[in-house]
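Inspection log for the structure reproduced underneath, given as structure tokens.
Nothing fancy with the numbering, it's 1 onward along the sequence. Predicted model, so just to flag it, every value in this text is computed and none were measured. One-based numbering, in listed order, for ligands and for the atoms of each.
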Amino acid sequence: MAVLTFLALAAIAVCILAMRRAPLWMWAAAVGVLTLIWRTGALTVGEGPVEEGASWLSELIWFPFAALALLSVPSLRRRLVVEPVYQTIKGILPKVSETEQQALDAGTIGFDAELFSGTPDWEKLRAVPPIELSAEEQAFLDGPTEELCRMIDDWRVRHDGREIPEEIWAFVKRHGFLGMLISKAHGGLGFSAQAQSLILGKIASRSPDVVTIVMVPNSLGPGELIEKYGTNQQKHHYLPRLARGEEVPCFSLTGPTSGSDAATMRDIGWVARGHWQGKETLGIRLSWDKRYITLGPKATLVGLAFRLFDPEKLLGGSEDIGITLALIPAGHPGVNIGRRHLPCGAAFPNGPNWGKDVFIPMDYVIGGQAMAGHGWRMLMECLAAGRAISLPSSSAAGAKAMLRFTTAYGRIRKQFGLPVARMEGLEEPLARMVETAYVNEAGRAVTAAMVSRGEKPSVISAIMKYQSTERMRRSVNDAMDLHGGRAICDGPSNYLQSAYQMVPVGITVEGANILTRSLIAFAQGALRSHPYLYKEVQAVQDADQARGLAAFEQAFLGHVSFSVSNVFGALFHNLTGGLFGKVPENAYGTAEWYRQISRSSRNFALVADLTVALLGGGLKTKQKLTGRLADALSELYLISCTLKRYEDDGKPAQDRHIVAFAAQNGLYRFQEAMRGTIDNFPVGWARVVMRALVFPLGSHYKPAPDRLGTQIVRLALEPGDVRDRLTRYIYVSKDVRDPTGLLEVTLAKVVAAEEAEKKLERAIRAGTVQRYHGIDWIGEAARKTVLTEDEAKLLREVEALTSRVIAVDHFDPAELKPNYMTPGHNTRAASAAAE
Ligand SMILES: Cc1cc2nc3c(=O)[nH]c(=O)nc-3n(C[C@H](O)[C@H](O)[C@H](O)COP(=O)(O)OP(=O)(O)OC[C@H]3O[C@@H](n4cnc5c(N)ncnc54)[C@H](O)[C@@H]3O)c2cc1C
């Protein structure tokens with residue numbers, strides 16, 4: 001019994017030391033005391049101390065203490081452990097390419113590091129401001145943005161003209177939409193990331209085509225690059241012109257052979273002397289071939305990425321200068337631009353551009369000669385912020401718009417005597433849509449607030465890019481399913497087609513999703529957001545060996561104590577069901593979710609750490625594992641944002657069901673991602689250890705129950721606060737001439753007419769009134785006093801509106817002829833390479 005008590009106390013002591021991340025000397029002291037108690041027989045009072053003269057073997061029990069005591073002496077520790085580990089890692093560390101290094105160094109780490117730490121500091125998340133707009137930003141959102149949305153006729157844009165109408169271009173230019181990120185000092189609007197995100201989202205809810213022409217100039221491209229790196233002359237010349245829309249920019253990075261692997265571009269510039277404006281000038285002779293360039297066919301200013309060489313050393317540096325960015329007027333001699341691709345039938349301009357031996361003066365390089373060769377770093381530094389705003393905002397808006405349209409249509413459209421949204425089978429996609437609308441918006445708002453306060457979150461932006469677009473894709477599919485044929489047949493009254501058509505664009509641009517999931521979110525994240533790993537790698541790569549070794553020792557010791565604390569922390573939390581997980585103050589109503597995220601973060605830290613330690617440089621090729629770990633990390637981030645949104649909104653009572661639904665599902669998906677990682681882990685013993693630590697009592701979480709799904713769908717189907725909150729910041733039309741406005745007006749009438757509808761249905765079932773084409777059944781019901789006159793009037797209105805809502809367009813075959821099929825059209829793949 002005494003032995004058992006001793007073992008239990010020893011286990012508790014070890015657990016406390018591990019979880020508190022005690023220093024080595026404290027471990028040595030504790031292990032020494034425990035060994036002494038065991039060795040002197042103090043446990044077995046009455047049975048006498050351990051016999052004198054016991055075998056020397058029994059003295060081995062002192063080994064752990066002796067080892068820890070030795071390692072507590074800094075000089076010994078360094079000689080016996082740190083130096084050999086340092087040398088081994090130095091020998092095996094794969095060479096990180098310059099472009100990889102620049103991608104790693106770019107951007108900031110933030111709350112992602114908390115999730116990697118296993119003990120998230122919730123106050124850091126709470127310190128991110130809620131949605132805040134200046135009076136000017138709010139006025140812009142309510143004024144010109146609302147007005148722009150009203151002007152947009154989606155069918156006209158994407159079908160009639162397959163072109164953004166001139167009046168839309170003129171409006172966005174006139175109001176400064178194209179210069180939202182350009183500072184006021186340079187004539188732009190200088191809006192915060194949060195404001196830009198909300199403005200883009202509102203436009204996206206109206207037209208994915210129109211938002212693209214606003215989004216691109218406000219994302220990674222000439223405006224941002226000049227603002228951050230341009231010479232004074234470039235700033236003064238271009239920024240006011242870009243802000244006023246006098247210049248339309250595009251940015252050309254992608255080419256036929258360089259898609260996801262953009263840094264391997266074959267576009268080449270040679271430093272050379274040439275003639276420019278009648279004078280001999282130092283410049284660059286350029287050949288390039290780019291494709292998929294958004295706004296390209298309309299652009300007046302082409303941002304171009306290419307690799308620069310200086311074989312004659314005219315710049316006085318090395319021969320291979322590196323990736324360089326230039327601004328070339330579209331009208332510059334030799335620039336071929338204007339042809340269009342047809343991406344998913346969209347109307348926004350997108351096309352190739354190319355040139356052969358085009359001479360440009362050195363002044364065209366963004367930032368001038370001094371910035372030649374720094375292009376990749378410039379791109380990577382800007383990418384994180386842009387990726388955190390553009391696609392997350394349009395995906396959040398898309399998910400919200402899908403929900404708003406679908407809940408309305410689902411109540412209006414009846415089959416089998418019931419609104420289709422009330423059928424249990426459709427409750428499932430609807431509940432998913434509610435979750436996505438809430439969570440995508442939560443992630444969008446928190447991430448935009450981080451960017452607004454100056455962060456450039458590289459890992460979080462990757463998570464947001466692939467997760468928000470994937471979730472939006474699911475919402476669009478769910479919306480299509482609920483609408484049936486009504487959404488499939490295109491025409492002016494179809495309000496889902498444009499989203500459905502454009503989903504693959506969001507999935508592919510700014511880092512295609514599969515690459516972002518499997519290569520960036522976790523594989524890069526593990527290096528950047530892990531509390532010690534990057535410090536260790538940097539220390540090992542330090543050319544100053546003594547300094548590197550000192551930095552390595554500090555990081556390495558921290559890493560060991562981190563790993564040990566994760567082992568014990570994960571086991572402890574999993575055995576106690578997360579009961580002692582970290583909860584912030586004032587977490588009434590959300591404490592359980594905080595506890596579970598804290599527990600899950602411990603599990604994630606443990607598995608992520610072991611994965612990196614055991615797979616090391618091989619991580620890049622183990623993409624099924626890194627993809628699952630990216631999913632696990634994403635779930636933790638998005639549930640955290642969900643809790644923050646709920647708190648920032650003042651914890652509205654009814655929203656707690658939505659939060660519970662999202663948190664439960666998120667934790668379940670997290671668990672499955674972890675299970676998939678562990679079950680498929682390529683190292684056998686690690687599989688056993690991880691399973692024992694993460695799932696000591698089996699699975700922890702289940703998906704949200706059906707009953708909760710029913711509850712949240714009911715809330716979303718009811719016009720009112722919850723539905724409005726779920727779909728906030730999107731454009732809501734009340735104009736019956738607009739197909740989405742017609743939905744809104746009809747929904748309100750359908751809800752108001754519900755009682756009268758029931759009376760009429762009862763009369764029809766009883767045979768008192770007959771409902772066939774050609775019969776005025778409402779009039780008959782009124783004549784037979786089944787309905788009052790007012791009820792009959794309301795029902796007539798509902799009937800008329802409903803028949804418009806469910807109507808599908810049909811056309812004369814001649815009207816359907818694609819407008820781009822002009823006589824003598826030429827669809828040949830025109831590119832420099834093809835010619
Ligand atoms: C409509 C549209 C607009 C665009 N606008 C612009 C623009 O304005 N400027 C610009 O420069 N570019 C633009 N692009 C290009 C866009 O950024 C690229 O399409 C994107 O980077 C992917 O390249 P790719 O299409 O060649 O696909 P590929 O690189 O051929 O990829 C094919 C598939 O392989 C996956 N993959 C590739 N490498 C890996 C890996 N290492 N690990 C795992 N999976 C991998 C990808 O995820 C993808 O699923 C645009 C593209 C489109 C379609």
task: Could you tell me how the ring of Phe171 sits relative to the ring of Phe177: parallel (under 30°), tilted (30 to 60°) or perpendicular (over 60°)?
output: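 The arrangement is tilted - the two ring planes meet at 30° to 60°.
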Polar atom proximity, [X] to ligand 1 (N or O, under 3.5 Å):
X      : answer
Arg291 : no
Leu515 : yes
Ser252 : no
Val509 : no

message: Can you name the atoms of ligand 1, numbered from 1 with element, that are less than 4.0 Å from a heavy atom of Phe251?
response: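 Atoms satisfying the 4.0 Å criterion: 7 (C), 8 (O), 9 (N), 10 (C), 11 (O).
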- request: List every atom of ligand 1 that sits less than 4.0 Å from any heavy atom of Thr294, numbering the atoms from 1 in the order shown and giving each element.
  value: 3 (C), 4 (C), 5 (N), 6 (C), 7 (C), 8 (O)
Non-hydrogen atoms of Ser529 and Asp112 that approach each other most closely: OG-OD2, 2.8 Å
field: Exercise: identify the closest heavy-atom pair between Thr436 and Met472
entry: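 Minimum heavy-atom separation between Thr436 and Met472: CG2-N, 4.4 Å.
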Check whether the side chains of [X] and [Y] place a donor and an acceptor atom closer than 3.5 Å, and report yes or no.
X      : Y      : value
Arg471 : Gln467 : yes
Tyr292 : Thr508 : no
Ser468 : Arg444 : no
Asp490 : Trp155 : no

- request: Would you please determine whether Ser518 falls within less than 4.0 Å of ligand 1 on a heavy-atom basis?
  value: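 Yes; Ser518 lies near enough to ligand 1 that a heavy-atom distance drops under 4.0 Å.
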Just let me know how [X] lines up against ligand 1, side chain, backbone, both or neither, with a heavy-atom cut-off below 4.0 Å.
X      : value
Asn350 : side chain
Gln623 : side chain
Leu519 : side chain
Val505 : side chain

message: I want to confirm something. Looking only at heavy atoms, which of Leu220, Thr257, Ile514 is nearest to atom 49 (O) of ligand 1?
response: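 It is Ile514 whose heavy atom sits nearest to atom 49 (O) of ligand 1.
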- prompt: Taking atom 27 (O) of ligand 1 as the point of reference, which of Ala523, Ser260, Ala262, Gly351 owns the nearest heavy atom?
  reply: Ser260
- prompt: Can we say Asp267 and Lys290 salt-bridge, meaning some charged N sits less than 4.0 Å from an Asp/Glu carboxylate O?
  reply: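 Yes, charged N to carboxylate O under 4.0 Å.
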